[in-house]
Protein chains: 2
Amino acid sequence: MVHQVPVTDPADPRLADYTRLRDVNLRKSLEAEHGLFIAEGEKVIRRAIGTGHPVRSLLMARRWLDPLADLLSGVDAPVYVADDDVVEAVAGFPVHRGALASLQRLPLPPVKDVVATARRVLVLEDLVDHGNVGAIFRCAAALGVDAVVLAPRCADPLYRRSVKVSMGAVFAVPYARMTNWRDDLGVLRAAGFGLFALTPDASAVPLDEADFGDRAALMLGSEGDGLSSHWMDEADRLVRIPMSDAALANGVDSLNVVAAAAIACHDLVRSR
Amino acid sequence: MVHQVPVTDPADPRLADYTRLRDVNLRKSLEAEHGLFIAEGEKVIRRAIGTGHPVRSLLMARRWLDPLADLLSGVDAPVYVADDDVVEAVAGFPVHRGALASLQRLPLPPVKDVVATARRVLVLEDLVDHGNVGAIFRCAAALGVDAVVLAPRCADPLYRRSVKVSMGAVFAVPYARMTNWRDDLGVLRAAGFGLFALTPDASAVPLDEADFGDRAALMLGSEGDGLSSHWMDEADRLVRIPMSDAALANGVDSLNVVAAAAIACHDLVRSR
């Protein structure tokens, strides 16, 4: 039984969850305050609901009711139905993928629980770009990384753009967030993980020659600044992606962080 | 001697090269007609000029004259100096990186010349996203792919966004464009290249187990559709990136094309 609720006024307070989806500051405080996140598009919404996130509401144009009928019939929450221009007026941009869902966040497990049975872990320091975080989750999920651990200031995997770019992979890989940037690598170390820092530094060991051992945590920093010196110091081993000599001579001395993460995950998982 | 030319009118015909930089259709015809392309930001402009592309003109706010003084002193072309709002009115968006250059394209070599001494080649079929093409060039350059060959309909590496996302790597890797989609893989074959098609197909050989031989051309298709059936049929060998069984069970069954290209270039070059 679908709770269809027609809405015509973009200022309708029942649509507040969907306000100005591209206004990062507004969204951060709104989502934190209500413990919600937004999923966009049929595939991602199905994944989000399928992984047990309670639905607060959905918002879509009428033409999406049919394709989503099977899903909506199991949802005990209002489905707001509005014309495209009303959705656009609320969200602040034309929502090409048509359907939006507002979902309740689930409590994140502690770091030690998320890595308890893991052997290959990715640790993201201060990545600020939501798209990059989403893309890295997609790599981690597809290639078989067991878990992701986020530094306290790493961008939110459940931010709309992260979820979208990940194609829903943020629901497929267990993850946790550190509470203490300075000390929480110790949780991984205590669990028997070797700490590997990915860096362009020429003195680091090429990825293919690294001995990742039984349990390995690979740390990635942001594209511009890389890993902090504190985390570099904490690492057991520095590893690098082998770059072409010609490229280095030409000044093409780095990869974007998603490309680097993809290669790193591939080699990390292959070493199992 | 810098030819500074102050401009105040966004409709000034001397700024026509910089018109509406985000209007893809307009830019395609304008750039083809005049054989020009646009570079944006200091680093990319330096690379473009450094690789011998003749300068038609530059356009920048006054504050960029000093940081670029050494470069400008060697340029025999007008440097249009305008306020930010004038630049924005011409370009159609706020140009954060400040400086723009309009450069003359150089004739592309034929495919057979570009691959003459190459051993590891990337072949891009119908990738339509300029950002993806730029990011793939960045991977190819950094990891040491010798050359890139483009299908007739692949997006333009010298389109502004490609150049920008590549961080100028489009100037660091030799490339050529096929004239005949149906037959030009034959040029590679005649040069002794094995043709490898990257596909998610589970029956393909895992990349790490592929024998790339002495000369290998790796073919990549677009993210959505993959390679055409004609190119798949032409391939000597299908190769795939090993995906996690758990991911496949969860429906996370693919990587984005840049992540896939990064891994593929890494394994291709390592196999030398």
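Each chain gets a letter, A, B and so on, in the order the sequences are listed, and its residues count up from 1.
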Evaluate whether atom [atom1] of [X] has more than 12 neighbouring non-hydrogen atoms of other residues, nucleotides or ligands under 6.0 angstrom away.
X      : atom1 : answer
B/D70  : CG    : yes
B/R119 : CZ    : yes
B/K43  : NZ    : yes
A/R161 : CZ    : no

Output all residues satisfying salt bridge (charged side-chain N to carboxylate O under 4.0 Å, His left out) with B/R237, sequence neighbours left out; order by chain, then residue number.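 Residues passing salt bridge (charged side-chain N to carboxylate O under 4.0 Å, His left out) with B/R237: none at all.
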
Residue by residue, which of residues 261-268 of chain B have a heavy atom closer than 4.5 Å to a heavy atom belonging to chain A?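 Result: B/A262, B/I263, B/H266, B/D267.
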
Decide, yes or no, whether a salt bridge links A/R270 with B/E209 under the criterion of side-chain N to carboxylate O below 4.0 Å.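 No.
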
Heavy-atom cut-off 4.5 Å, strictly under: side chain, backbone, both or neither for [X] against chain B?
X      : answer
A/T51  : neither
A/M243 : both
A/I136 : neither

Could you check which of [options] has the highest count of heavy-atom pairs closer than 4.5 Å to chain A?
options                        : value
B/A172, B/P206, B/A260         : B/A172
B/A142, B/C139, B/S166, B/G144 : B/A142
B/D208, B/V165, B/V258, B/V269 : B/D208

Roughly how far, to the nearest 0.5 Å, is CZ of B/R120 from OG of A/S244?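 Going from the OG atom of A/S244 to the CZ atom of B/R120 covers 14.0 Å.
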
Apply the test side chain to side chain contact (heavy atoms under 4.5 Å, CB included) to residues B/L255 and A/L143: give CA-CA distance (whole Å), side-chain angles for both, the deciding distance (0.1 Å), then the verdict. CA-CA 9 Å; B/L255 290 163; A/L143 297 169; 4.1 Å; yes

Keeping A/R138 on the side-chain end and B/A259 on the backbone end, is there a donor-acceptor pair under 3.5 Å?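 No, the answer is negative, given that no donor and acceptor are paired below the 3.5 Å cut-off.
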
In terms of heavy-atom pairs under 4.5 Å, which option from A/A135, A/P242, A/G50, A/A141 contacts chain B the most?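 Among the listed options, the one with the most contacts to chain B is A/A141.
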
